[in-house]
Amino acid sequence: MELLSGAEMVIRALADEGVEYIYGYPGGALLHVYDALFQQNKVTHILVRHEQAATHMADGYARASGKAGVALVTSGPGATNTITGIATAYMDSVPMVVISGQVPSDFIGTDMFQETDMVGISRPIVKHSFLVKQAQDIPATIKKAFHIAQSGRPGPVVVDIPKDITNPSDKYEYIYPKKVKLRSYTPPLKGHSGQIRKALNMLLEAKRPIIYSGGGVILGNASSELTQLAKQLHLPVTNTLMGLGGFPGTDNQFLGMLGMHGSYPANLAMHHSDLILAVGVRFDDRVTNGISKFCPTAKIIHIDVDPASISKNIRADIPIVGPVQPVLSEMLSLLKENKKDQNEEAIHAWWKQIEEWRSSRGTFPYDKGDGSVIKPQMVIETLCEVTKGDAYVSSDVGQHQMFTAQYYKFNKPNRWINSGGLGTMGFGLPAAMGVKLSFPDEMVVCVTGEGSIQMNIQELSTCMQYDLPIKIINLNNQALGMVRQWQDMQYNSRYSHSYMDSLPDFVRLAEAYGHVGIRIEKPEDLKPAMEKALAIKDRLVFLDIRVDPNEHVYPMQIKDGSMRDMWLSKTERT
């Protein structure tokens with residue numbers, strides 16, 4: 001029998017769960033836990049400079065690895081500083097366990113120093129939350145937290161632990177459960193075979209089918225199955241922002257991202273399709289535009305592990321509740337057995353139409369200008385070229401995020417790390433750090449803007465302490481680019497508080513943190529400087545790139561229109 005204190009149980013349980021890194025910041029309510037952390041060597045703690053960054057590091061790790069990331073923070077402001085990161089993970093279904101300290105049990109509800117109701121505050125943005133009431137419950141609670149975070153539709157879980165529960169003087173028997181079963185929580189393990197068979201028959205009969213896949217394909221490790229199905233049936237494929245990399249971005253069957261800033265051929269193909277195979281998606285507003293006008297001639301097959309997502313926004317004709325990987329695997333098996341022929345003549349005509357759309361506008365065309373200024377699109381194209389499309393790329397939120405989604409060709413899943421649902425500025429840098437820490441031999445790049453990078457720029461200090469040589473691509477247009485774009489298009493160019501007039505010298509700032517800074521202002525310097533930066537393997541390099549401040553992201557859907565209604569430039573619309 002092994003006797004451990006509550007604090008020791010927290011760390012031992014994380015080690016027994018296979019956790020290698022936790023990201024955190026100490027404080028009074030957690031000092032017993034931090035002392036236990038000091039006295040072991042199985043779990044490595046990364047000291048961030050702000051608790052929000054701890055959650056984003058855990059998030060970036062989870063998106064790249066598929067395993068739950070772990071954040072460790074103290075009570076009060078330490079806990080509340082994680083809320084944005086928890087909401088970011090919740091909106092994108094990212095597995096995460098956040099362990100927060102709490103004031104002693106007897107003082108909960110007394111407004112004690114640094115007391116907040118973390119369970120209550122986080123309730124709308126977590127998959128589940130626990131308040132630990134006795135030390136003996138810690139092993140089982142940690143096991144449950146990871147099980148809930150990583151199974152079904154993944155998401156964040158909060159474990160709130162009062163300080164007295166971690167008292168080092170109180171020892172209890174420690175047994176870490178090998179498995180856990182929750183009577184009230186039974187996510188599906190497979191789809192309904194009858195529905196899958198119906199879906200396949202409908203696919204084979206369709207004349208203008210399209211696959212619309214999302215983050216659920218990546219979270220569900222189903223990229224291989226999705227690609228096989230698309231190839232065998234020769235179907236066009238479009239991805240959501242969160243689904244990029246779920247199907248190879250350089251493959252000719254890929255039409256580009258769809259939605260608000262989706263490609264011309266992808267949005268038109270969706271609008272004119274007669275059947276949509278929606279896999280691991282939630283039909284959110286950034287895709288559908290005006291719901292009443294969404295894909296008027298299309299039947300919809302919707303596969304998702306979360307039954308609440310099916311028919312929530314758009315009614316599904318054939319709903320299939322289940323993890324996407326086993327559902328697609330069963331569909332592939334049925335396809336081998338099915339003797340019913342696909343309508344090849346209709347599919348050929350459908351592809352002919354798609355190629356006409358593609359040749360008329362391209363996927364994401366843009367005006368390259370007279371060559372005197374750097375276009376942001378050119379930066380991402382160059383990044384994709386010099387990294388051979390094989391980097392882990394994180395982003396913040398804004399124009400630079402959309403340019404990256406449009407012009408970086410992701411051929412593998414789990415390589416595109418961005419905040420899609422919540423749209424969190426300040427996400428990119430710490431997320432890239434979480435990826436680099438766990439994949440030290442991989443190229444990890446953060447694409448950001450001068451607004452976003454300043455939200456968590458203090459983490460350059462953490463990068464120095466833990467030797468995280470990521471590359472930062474700052475598309476510096478001296479403004480909140482996406483805000484300014486909307487002000488251009490909808491507010492008659494009234495730029496209310498969207499320009500930044502007092503930016504720091506990012507090169508000198510990076511150097512002050514001990515890193516390498518490079519400024520790029522001429523198009524001819526872009527590729528050589530980027531190659532130089534990527535060749536510096538052992539240092540963080542901050543590339544401050546001055547880009548055209550007047551560039552917009554196109555296409556852009558016209559509000560409340562159909563998917564085919566888009567601005568193609570400042571003066572041209574479909």
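Computed from a predicted model, the values in this text were never measured in an experiment.
Minimum heavy-atom separation, Asp317 to Lys299: OD2-CA, 3.3 Å. What you find for Gly152 and Pro187 is that their closest heavy atoms are CA-CB, 3.6 Å. Here the closest non-hydrogen pair linking Val445 and Ala391 is CG2-CB, 4.3 Å.
By the 4.0 Å N-to-carboxylate-O rule, Glu355 lies too far from Lys352 to be salt-bridged with it.
Residues satisfying the salt bridge (Lys or Arg N to Asp or Glu O under 4.0 Å) test with Glu205, not counting sequence neighbours, are Lys340. The side-chain contact (heavy atoms from CB on, under 4.5 Å) search around Lys412 returns Asp390, Arg415, not counting sequence neighbours. For Tyr176, there are no ring-ring contact (aromatic ring centres under 6.0 Å, His included) partners, not counting sequence neighbours. Take His192 and apply the ring-ring contact (aromatic ring centres under 6.0 Å, His included) test, not counting sequence neighbours, and it matches no residue. The ring-ring contact (aromatic ring centres under 6.0 Å, His included) check on His302 picks up Phe283, with sequence neighbours excluded. Under the rule for a side-chain contact (heavy atoms from CB on, under 4.5 Å), the partners of Val386 that lie at least two apart in sequence or sit in another chain are Thr382, Lys527, Met530, Glu531, Leu534. For Tyr21, there are no ring-ring contact (aromatic ring centres under 6.0 Å, His included) partners two or more places apart in sequence or in a different chain. Take Thr250 and apply the side-chain contact (heavy atoms from CB on, under 4.5 Å) test, not counting sequence neighbours, and it matches Lys409, Asn411.
Annotation: Tyr408 is in aromatic contact with Phe410 [ring centroid separation under 6.0 Å]. Between His234 and Trp351, the ring center distance clears the sub-6.0 Å criterion.
For Glu345, the CD atom counts as loosely surrounded, since its 6.0 Å shell holds 12 or fewer non-hydrogen atoms of other residues, nucleotides or ligands. No more than 12 heavy atoms of other residues, nucleotides or ligands shown are found within 6.0 angstrom of CD on Glu344. Enclosure of atom NZ in Lys570 by more than 12 non-hydrogen atoms of other residues, nucleotides or ligands within 6.0 angstrom is indicated. The local environment of NZ in Lys231 is crowded, with over 12 non-hydrogen atoms from other residues, nucleotides or ligands closer than 6.0 Å. With a 6.0 Å radius and a threshold of 12 heavy atoms from other residues, nucleotides or ligands, Leu189 has its CG atom at or below the threshold. More than 12 heavy-atom neighbours from other residues, nucleotides or ligands sit within 6.0 angstrom of CZ on Arg361. The environment of NZ in Lys143 is crowded: more than 12 heavy-atom neighbours from other residues, nucleotides or ligands sit within 6.0 Å.
At a cut-off of 3.5 Å, with distance as the only test, no side-chain donor of Lys67 or Gln150 sits close to an acceptor on the other residue. No hydrogens or angles considered: a donor-acceptor pair under 3.5 Å links the side chains of Ser309 and Arg153. Side-chain polar atoms of Tyr366 and Glu381 form a donor-acceptor pair below 3.5 angstrom. Side-chain contact of Gln399 with Gln485: a donor-acceptor pair under 3.5 Å is present, judged by distance alone.
Counting heavy atoms from C-beta on, the side chains of Ile300 and Phe294 come closer than 4.5 Å. Two residues are said to be in side-chain contact when any heavy atoms from C-beta on lie closer than 4.5 Å; Val379 and Leu526 meet this criterion. Taking 4.5 Å as the limit, some side-chain heavy atom of Tyr61 sits within range of a side-chain heavy atom of Tyr23. Residues Met482 and Val553 form a side-chain contact, since some pair of their non-hydrogen atoms from C-beta on lies under 4.5 Å apart. Within the 4.5 Å cutoff, side-chain heavy atoms of Met270 are placed close to those of Tyr212. Contact annotation: the side chain of Leu233 approaches that of Leu204 to within less than 4.5 Å [non-hydrogen atoms, C-beta and beyond].
Listed for the Thr574 side chain is a donor-acceptor partner under 3.5 Å among the backbone atoms of Met566. The backbone N or O of Ser419 sits less than 3.5 Å from a side-chain atom of Gln401, completing a donor-acceptor pair. Distance alone, capped at 3.5 Å, places no donor-acceptor pair between the Asp304 side chain and the Val279 backbone. Judged by distance alone, with hydrogens and angles left aside, the side-chain atoms of Asp396 form no donor-acceptor pair with the main-chain N or O of Met425 at under 3.5 Å. Side-chain atoms of His261 do not come within 3.5 Å of backbone N or O of Met556 as any donor-acceptor pair. Within the 3.5 Å criterion, the main-chain N or O of Ser394 finds no donor-acceptor partner in the side chain of Asn418. Looking at Asp560, its side chain never comes within 3.5 Å of a backbone N or O of Gly290 through a donor-acceptor pair. With hydrogens and angles ignored, the 3.5 Å screen pairs a side-chain donor or acceptor of Ser263 with a backbone N or O of Leu255. Side chain of Asn414 to main chain of Arg63: a donor-acceptor pair is present (N/O by atom type, distance under 3.5 Å, no hydrogens or angles). A donor-acceptor pair under 3.5 Å links the side-chain atoms of Gln253 to the main chain of Ala230, judged by distance alone.
To the nearest 0.5 angstrom, Ile218 atom CD1 is 7.5 Å from Thr240 atom OG1. Atom CE of residue Met96 and atom NE2 of residue His56 lie 8.5 Å apart, to the nearest 0.5 angstrom. To the nearest 0.5 angstrom, Ile22 atom CD1 is 9.0 Å from Thr44 atom OG1.
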Do any side-chain atoms of residues 321-333 form donor-acceptor pairs under 3.5 angstrom with protein atoms, and if so which ones, sequence neighbours left out?
from: Gln325; atom 1: NE2; to: Glu225; atom 2: OE2; distance (Å): 2.9
from: Gln325; atom 1: NE2; to: Ser329; atom 2: OG; distance (Å): 3.4
from: Ser329; atom 1: OG; to: Gln325; atom 2: O; distance (Å): 3.0
from: Glu330; atom 1: OE2; to: Ser193; atom 2: OG; distance (Å): 2.6
from: Ser333; atom 1: OG; to: Ser329; atom 2: O; distance (Å): 3.2

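For residues 264-276, the set of pairs meeting the side-chain hydrogen bond (donor to acceptor under 3.5 Å, both in side chains) definition, not counting sequence neighbours, comprises His271-Arg564. Judged as a side-chain hydrogen bond (donor to acceptor under 3.5 Å, both in side chains), not a single pair has a partner in residues 430-439 (not counting sequence neighbours). For residues 82-91, the side-chain hydrogen bond (donor to acceptor under 3.5 Å, both in side chains) pairs, not counting sequence neighbours, are Thr88-Thr424.
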Criterion side-chain contact (heavy atoms from CB on, under 4.5 Å) on Leu422 and Phe427, from CA distance to verdict:
CA-CA 10 Å; Leu422 194 65; Phe427 172 86; over 6 Å; no

Practice problem: Apply the test side-chain contact (heavy atoms from CB on, under 4.5 Å) to residues His552 and Met489: give CA-CA distance (whole Å), side-chain angles for both, the deciding distance (0.1 Å), then the verdict. | Solution: CA-CA 10 Å; His552 284 183; Met489 300 181 71; 4.0 Å; yes

Requested in this report: Take Ile314 and Thr288, measure what side-chain contact (heavy atoms from CB on, under 4.5 Å) needs, and give me the verdict at the end.
Outcome: CA-CA 9 Å; Ile314 300 292; Thr288 61; 4.1 Å; yes

task = Check the pair Val157 / Phe130 against side-chain contact (heavy atoms from CB on, under 4.5 Å), numbers first and verdict last.
result = CA-CA 8 Å; Val157 175; Phe130 297 92; 3.9 Å; yes

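Ring planes of His147 and Tyr185: perpendicular class, angle over 60° (limits at 30 and 60°).
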